[in-house]
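Worksheet: the structure to be examined is printed underneath.
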Number of protein chains: 4
Amino acid sequence: MIFASDNWSGASPQIVEAVAEAARRGGPAYGNDPLTKAVEQRFSDLFEREVAVFPVGTGTIANALSLGHFARPGGVVLAHREAHVLVDEPGSTELFGGGTRPVALDGPGGKLTPAAVVAGFERYPAGNTFHGNVVAVTLTQMTELGTVYHPQEIAAIAEIAHSRGAALHMDGARFASAVVSLGASPADITWRAGVDIMSFGGTKNGCLAAEAVVIFDPAKANGFAIARQRAGQTFSKGWFMAAQLDAYLRDGHWLALARHAADRARELAAAIDASKNARLALRPAANEIFAFLAPAALDRLRSAGAAFYPWSTASLPEGAAPRQGEQLVRLVTSFATTSDEIARFTAALGAAG
Amino acid sequence: MIFASDNWSGASPQIVEAVAEAARRGGPAYGNDPLTKAVEQRFSDLFEREVAVFPVGTGTIANALSLGHFARPGGVVLAHREAHVLVDEPGSTELFGGGTRPVALDGPGGKLTPAAVVAGFERYPAGNTFHGNVVAVTLTQMTELGTVYHPQEIAAIAEIAHSRGAALHMDGARFASAVVSLGASPADITWRAGVDIMSFGGTKNGCLAAEAVVIFDPAKANGFAIARQRAGQTFSKGWFMAAQLDAYLRDGHWLALARHAADRARELAAAIDASKNARLALRPAANEIFAFLAPAALDRLRSAGAAFYPWSTASLPEGAAPRQGEQLVRLVTSFATTSDEIARFTAALGAAG
Amino acid sequence: MIFASDNWSGASPQIVEAVAEAARRGGPAYGNDPLTKAVEQRFSDLFEREVAVFPVGTGTIANALSLGHFARPGGVVLAHREAHVLVDEPGSTELFGGGTRPVALDGPGGKLTPAAVVAGFERYPAGNTFHGNVVAVTLTQMTELGTVYHPQEIAAIAEIAHSRGAALHMDGARFASAVVSLGASPADITWRAGVDIMSFGGTKNGCLAAEAVVIFDPAKANGFAIARQRAGQTFSKGWFMAAQLDAYLRDGHWLALARHAADRARELAAAIDASKNARLALRPAANEIFAFLAPAALDRLRSAGAAFYPWSTASLPEGAAPRQGEQLVRLVTSFATTSDEIARFTAALGAAG
Amino acid sequence: MIFASDNWSGASPQIVEAVAEAARRGGPAYGNDPLTKAVEQRFSDLFEREVAVFPVGTGTIANALSLGHFARPGGVVLAHREAHVLVDEPGSTELFGGGTRPVALDGPGGKLTPAAVVAGFERYPAGNTFHGNVVAVTLTQMTELGTVYHPQEIAAIAEIAHSRGAALHMDGARFASAVVSLGASPADITWRAGVDIMSFGGTKNGCLAAEAVVIFDPAKANGFAIARQRAGQTFSKGWFMAAQLDAYLRDGHWLALARHAADRARELAAAIDASKNARLALRPAANEIFAFLAPAALDRLRSAGAAFYPWSTASLPEGAAPRQGEQLVRLVTSFATTSDEIARFTAALGAAG
């Protein structure tokens, strides 16, 4: 009963087998192998345009290098207060931007609103040489609260950013979940909506360790390769990254994995809806569930061995507040979550209405 | 006939199988899994003392984080002119040290001499606030020219560094080759000789992507974990790194892999010694061979499909110079090099004396 | 009628004459002159203990180097939302700390509260390697809202910081005003209350360009001199800085200058109190006045040539809010403000009750 | 008898008086005063084109910000081994470039040669993502060895740099001396020869503390102002910088000061030529003399109270080597050097031929 995080899962057997096969072959180092080239093509196919792709090892570095790509002295990045870049990347934006400042904006349900973004820009007026200049806005798709941005929401923020000379970055550590939830094409919720650069996540959804920075306009990718090498993120056995991403994207495997996770989450949500001991704090978009648990349920689940994390209520939307004694928790399903785990969770939760 | 680099090889089947097995299990994220704990113990056993171990994805980041651990404003790192940190890590020492300056020292055969290190320190007198202060010396074991430092050579440099308040780092991207070549214990050529921190390499010798920073005095490891996370090098599926390192170190597998590579190199060296079209530029210590090739041999080898790189003669020891028309080349064997490859190389080289 | 800022004033004639005299003499470069030594002694006398003193050119660099002195990877600095380091130093804390993140805390009247500081620390638990670690707390004395910290308030925050392993920095760009306002000794509101390092300001109070970083425990000053040189802040004609600071501190000149400014501010506050067109938003501690102006007053003052800035109401204490149509403005007096200026302001303000 | 450095002199009385006058007036802060505008015009007049001018406090920061203006990840700056950026700016290029690496090139007489610059570029081939990319070449005019670059020498290096996508920076800490020595117009030895950005020095030639970064194409100055503020180099009393530079440039005062220094140097050189105890190591271009002193002369001069520094012979041109027992010394004259000092030096030197 592991609902702690989707990165507690192992890895998809197909992806592991692809790595094993590539390991039997080897090949030229530093991404000069055929598999890496093939992966670049897969991304271009996926996004329905030629893109520049840079595999890296973690989501943190994907974010940091992406934002660093737009760095200037005095640069500021606008991010949601709960964004990974602000919460779990300790000085990464600063380091890889040579001093970039990530600034926290509030927004209900983990999502930036156009109004908040405009207000963020207003704190840093163009041409002001004291406060800082916004170089990028970053948004997370799917967000840290398991919600998703709709294409028109992304487009609205993109328009704000671009009209003020800033870039739009998407942290897509759980991008597959967003695609599955929205039923939208990858292109529609990225570059067609105005995203300039993204961190495309694979690890949380079944890879071993494979993320990729995607720059949608390859003409703007100058300097990224050397920045990646400076960061120690050019893997000498580049085929090892490529093998994962190739298997991940092949025949829609990535979406199948994400659908599995979302299906299990739906079952979990149904169990919560049906229980008197728990209720959903947010309607889940895909594989992240935020729920209020009554104390008794909390105890029973812990005793039954369920792994999950308590969560801060700070960014819940208005109206979603815990009642006396309730605890907000996050429950994450993954490609590896079994229906048996859901059943055991449901049983431990108890008190079906 | 791949002699371009040991990182063109695939990966050891045992290591790949260990990864596959771990992938079936999964586990707590960010290194809180049992396998990671087990690997820490393996390193302590290997080095005959408790050590602090931090797996990371590449040798470049292992070096950069290691040197960054000793960074201070105005800090200088003394390195051999051919060292990876100076040649292939474009601004990494600078970035992760917040401005550390790596300074090139000369030395025959890719090795720093005590005299050169002393002269390096003299350029940066203690207490001088204009020139810089040496915070660390780094040496590569096995070196970029395929030579090795003997324990007493390391100790001499360590004494120079320590007596002047600087740390000693070892870039051990090919540490296994050095151990095999010297027949010394890992402890004797590291901390017992005065090494404070090392980049312990696995990738070039059969891993997929696994290196580790080892800090020999765990009391001096404060702050390293967050520096690694800042660098985007804390892998969420930490067991993936740990599985590699565990299999690598288990039952001496790492030394068996290195011995295989050294054995093939010895065969290669013998073939070169026996040919009129080639001669060794340096007596190889393990799996890197530097040889002068006559033009005809160069052509024939290329035609036969041998992959290898030409090399600069700048750091050859005195007396080792190419004759008219000769080209210096580097030939690297790996755990995956076959005797058949050696035989084909020998045949293409031709003109046995 | 210049109330825009105290840095719009010229410089104290005594200080200018001291510079002129030193310029006639010259002397050894880079602070190796007798005047620099004398200034070090003056600071030790002023603070009633031996201190380490580092003159620098601006308050921004004094803050940035001070905070940088405590930098570690993943380091966080807690600061008031209105602090100069957060508002007017665009990436300076980040740059000079090699990636330090300044984090905004709220507090009424421009002042950090112990509760806010504790909450700040709780966001960054000790040992957590993802969120960051607090390395320093910075408070501004006198604050950006013209208020002052009392010694026991400083001590409370110092205790919180020190017990959690962080340092306490004071931005003393307007330190003289705070001393005059509190009637406290410099020692009592700095190191005796737990301040570890401070930016001691001279420029706003009559110098040309002279600030100093004071490290109260000289044993903790290692590395500061080279960090200052790295920042390009070791002035070759060090006597030029020293001459200013020497004249500034000699015979209590600095306090006389600050008292003059505070006296003019008191007159200004009285005029505001007496007018129906304006009212104080905060009771001023010294030379900064925050007042609400009725629209008519605003127009009349502008027409009369008064220079001052509108201000954000964000950090006003509870209960201090503008009424319909009122504008919050900041009015700053300086050592050079004349009673005539006050009289003209008073006349333009009009509508004495 | 101060020949230690031109920054041991005081300051020009005219410059000091200009500061005093400005201090009586005051004015809008942060360079929004009329004097700063006037100085910008003076620079445009001086260079016979519109330029962007940024006063800063020291030559070190002028260099560091100039080179930082062209920084990119993996960036490399080519500099002469004796350049101030490599010898006396401890990590400044690295810090302000976010990790830029300054690389030392050799060259006789303190001057870079086109061949050395080409060789420097060849170590960092365009498009290579491992070694680094050259973003700028910096040359010092007048050099650290008191020699000067002729316009065509600058143009040759500029052509090499520009054709490879790099910028050309000039460290003009002693630019006035170069102008006086060459009899060339400031435009001819800067932008007309291909210089993109320069550190224009005032301090060594009679200012208190005034340097300026000049960007010859104002369209390329974007971002410099905020980088300067980030560095804590926007002086709030900007008129204090401007007053110095205004007086410095007014009516050719800067050239008169430099001519005075050069005249005294000529007298000094003549005395050395005439003495059996000393001989010139290099024919001086202006106010820096490098001479070999016999041991007896060294002692006598020290006894007589002459201040000067010994110097390394490393970058002397071929053929200029000390004889047995001789010591190379640097003797620097300034705007404040008196003929009496020269006479006393001459007398102490003794042994006129």
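Computed from a predicted structure; not experimentally measured. To find a chain, count down the sequence lines: A is the first, B the second, and so on, and within it residues start at 1.
- D:Thr60 does not touch chain B: none of its heavy atoms, backbone or side chain, sits under 4.5 Å away.
- Heavy-atom distances place the backbone of D:Thr129, and not its side chain, under 4.5 Å from chain B.
- Across all non-hydrogen atoms, the minimal contact from B:Thr100 to D:Glu94 is O-CG, 4.1 Å.
- When the ring pair (Phe, Tyr, Trp, His ring centres under 6.0 Å) test is applied to B:Phe200, the partners found at least two apart in sequence or on another chain are B:Phe43, B:Phe175, B:Trp254.
- With hydrogens and angles ignored, the 3.5 Å screen pairs a side-chain donor or acceptor of B:His131 with a backbone N or O of D:Val87.
- The stretch residues 139-146 of chain B places none of its residues near chain D, where near means some heavy atom under 4.5 Å from a heavy atom of that chain.
- Contact annotation for residues 107-118 of chain B against chain D (heavy-atom separation below 4.5 Å): no residues qualify.
- Every residue meeting the side-chain contact (heavy atoms from CB on, under 4.5 Å) condition with D:Val103, not counting sequence neighbours, appears here in chain and number order: D:Val76, D:Leu78, D:Arg101, D:Arg123, D:Tyr124.
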